[in-house]
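Structure, as structure tokens:
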Amino acid sequence: MHDSAMAIAIIGIAALACHWGAWKARLPAILFLLIAGLILGPGLGWINPDKIFGDLLFPLVSLAVAVILFEGSLTLNFQELGGTSKVVQRMITVAAPVTWVVVAIATHALFDLSWQLSILFGALMVVTGPTVVTPLLRTVRPSERVANILRWEGIIIDPIGALLVVVVYEFIVTTTTSAAFSHSLLLFLEIIVVGLAVGAAAGYALGKMLAHRRLPEYLQNLATLSLVFMVFTFCNHLAHESGLLGVTVMGMWLGNMRGVHIHNILNFKENLTILFISGLFIILAARLPMAQLIGIFTLSYLLLLLVIQFVARPISVALATLGSEIKIRERVLLGWIAPRGIVAAAVSALFALRLDESGVAGADLLVPLTFAVILGTVVFQSATSRPLAKLLGIVEPEPRGVLIQGANQVARRIGEALQQQDVPVLVCDSNWDNIRLARMAGLKTFYGNPVSEFATQRLELTGIGNLIALSPLRELNVIAGMHFRSEFGDTHIFSIRTNADSNKAEKHQVASTLKGAPLFSKDLTYAKLASLIGSGAEIRATRLTDEFTIEDFRRQGGSELLFAVTDKGKLKPFIENAKLEPTKGWVLLSLIREPKPKIRENTQESPDIPS
């Protein structure tokens, strides 16, 4: 296609379709993006990136990879690394090097690549990443311990693996540009020093500017992006090929500075990363020659996939979990799930371009090798991981838990009452004071917006099957309901009424199909419920028996029914115009407007359960 504008438009539409398809199928978007690139490029011939971008292709790919690595390194919090389990730490310190060595040996043996390129490719294959692990976990839904290990491994190995690949590449470049090993070693050390020094200095300077509010909020994202580009180019100017190391160090430094709030920057970088990743993967896949594409389906590629899936990963996991409390069945599933993703493909494509320009033999094999592994691991593991988890008996329990939008006083009281009835509760809020109080109350929390891209990758929904939106802001409840509808289903989305709902005519209200079923009675809005709880109203639990039925409870009066928990532990909210008839063994959670004095054991009143 000779019209560059039309080709770029097609890339944009294809990227949107791929992300939508991945969202519907609950699969990593990278799979759809790569397939789209292969179809549009070598398949149909509609996109030729070299003709579209010309000499700008290499700089654009380099800057896009720089932003991707910077965003990934921002998420690496050293405190979280220290606080994770020993198994997660050993997955990084033990499993990753083992995978590196096994894949490097297999690549050298199967494809006759030089040891330098084989070692580089082995380093590429240690990276999984949350963008491919998280969608897979949502489909597989393994036990909480397995899910946490895989999720944290992906988060931590993403920037560390990228940094490892960059360092290996720098060493290859220095050793191929000089005959003297000592001179190559000096060049390598120069790259490391420049990358570390400039990256750390830039991260520190930007962190201080943000901490002391030297930049208005609306300029923070622009300043960060501009500084990333500047660090990348300046490092490369001082020491050839040190730019990627510089931006990675910059992100790690900024992400670990105290008193620096990077949430706005992180959200912006996540959105920008999605844009870059979408275009980058379609463009890179479209550059694959048809001969290399056909060559993917050879015996050597298949043997490499088998080594990665059935040798490298199981051995590395076995060594990482040796002597731990992880059960054999859990180790099997951990050794089965390790899809390769964004960093591997992006960095391999970038370095393949650079190494090929430097005349390194075999560099053109890096991209098809990497893409073959990505396609193979994502497709194979997506198709087999769920049945394997069921066979092993380590799928998550029935999703009867509750995700609560909001950590305000109303949400905290309801969350405490539900948790005391053994209903799993996860409270989300972007207000730190509310989250702090929720944690003090013993509730499991997530600090952030539950519909953000950050939450998409890190919000742990194991055992959660319901959304209860309890924010006083109607818009937040509506957005949460729309976001989690595909996750939980229409009948498991509930939202509290707000004054905005009550004071408007029907034609001005948001449809219940968007915000979910309205909780409680019509006059019990968030403001009314907050006022009652603030004035001393209590949420009380009452168990129904043969002697005390739901009719007896209703005749008693003086309370507002909120929830019912069945004898099997399932949560049933009371909603307007819904026929809910609790029976023997159910527990009713009701709002007592005026707390009553304690009742003696021999009384005929309702058998209340302390909440």
Side-chain angles (χ1 to χ4, degrees), residues 16 19-20 22-24 26 138 263-264 267-268 270-271 274 399 401-415 418 425-432 434-435 438 443 445-461 464-531 533 562-563 571-578:
L16 175 61
H19 280 285
W20 183 84
W23 169 68
K24 294 293 289 185
R26 298 186 182 183
R138 288 182 176 175
H263 298 291
N264 291 335
N267 289 335
F268 170 70
E270 287 174 348
N271 294 330
I274 292 177
V402 175
L403 174 67
I404 297 181
Q405 160 74 29
N408 47 69
Q409 186 182 32
V410 172
R412 294 196 301 272
R413 290 291 182 86
I414 290 178
L418 294 176
V425 173
L426 175 60
V427 178
C428 299
D429 205 311
S430 294
N431 185 299
W432 172 248
N434 286 342
I435 288 293
L443 295 172
T445 62
F446 177 83
Y447 177 44
N449 189 338
V451 302
S452 65
E453 183 67 22
F454 183 84
T456 299
Q457 298 181 4
R458 293 165 178 81
L459 186 60
E460 179 53 55
L461 297 177
I464 304 295
N466 304 277
L467 170 71
I468 297 181
L470 296 176
S471 171
L473 301 177
R474 179 184 61 174
E475 291 76 13
L476 292 182
N477 295 335
V478 172
I479 294 173
M482 295 173 63
H483 181 79
F484 289 101
R485 187 171 303 278
S486 62
E487 183 78 29
F488 301 142
D490 294 343
T491 58
H492 295 275
I493 305 294
F494 308 95
S495 177
I496 196 169
R497 291 181 177 85
T498 63
N499 290 336
D501 295 312
S502 302
N503 298 332
K504 288 187 176 182
E506 183 177 355
K507 65 180 181 180
H508 297 297
Q509 295 185 18
V510 178
S512 59
T513 55
L514 297 179
K515 63 182 179 181
L519 288 168
F520 319 137
S521 62
K522 188 174 183 179
D523 62 337
L524 194 59
T525 63
Y526 172 86
K528 182 66 176 295
L529 189 55
S531 176
I533 290 177
L562 303 179
F563 301 95
L571 183 67
K572 301 288 185 181
F574 283 93
I575 58 178
E576 185 182 4
N577 299 326

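Numbering of residues begins at 1 and proceeds along the displayed sequence.
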Any donor-acceptor pair under 3.5 Å from Arg474 side chain to Thr498 backbone:
no
Within the distance-only criterion (no hydrogens, no angle test), does the side chain of Asp429 pair as donor or acceptor with the backbone N or O of Ala407 below 3.5 angstrom?
yes
Is there a side-chain contact between Pro450 and Leu459 (heavy atoms, below 4.5 Å)?
yes
If you round to the nearest 0.5 Å, how far is CG of Leu467 from SG of Cys428?
9.0 Å
Mind listing the closest non-hydrogen atom pair of Tyr526 and Leu470 along with its distance?
CE1-O, 3.5 Å
Applying side-chain contact (heavy atoms from CB on, under 4.5 Å), can you list everything that pairs with Ser531, at least two apart in sequence or on another chain?
none
Taking the side chain as every heavy atom from C-beta outward, state whether Leu519 and Ile468 have any pair of such atoms under 4.5 Å apart.
yes
Check ring pair (Phe, Tyr, Trp, His ring centres under 6.0 Å) between Phe488 and all other residues, then give those that pass, not counting sequence neighbours.
Phe484
Can any side-chain N or O of Arg497 pair as donor or acceptor with the backbone N or O of Ser521 at less than 3.5 Å?
yes
Sequence-distant partners of Ile533, side-chain contact (heavy atoms from CB on, under 4.5 Å), two or more places apart:
Gln409, Val410, Arg413, Leu529, Leu591
Spatial distance of atom CG (Asn466) from atom CG (Leu403) [nearest 0.5 Å]:
9.5 Å
Is a side-chain donor or acceptor of Asn477 paired with a backbone partner of Ser495 at a separation under 3.5 angstrom?
no
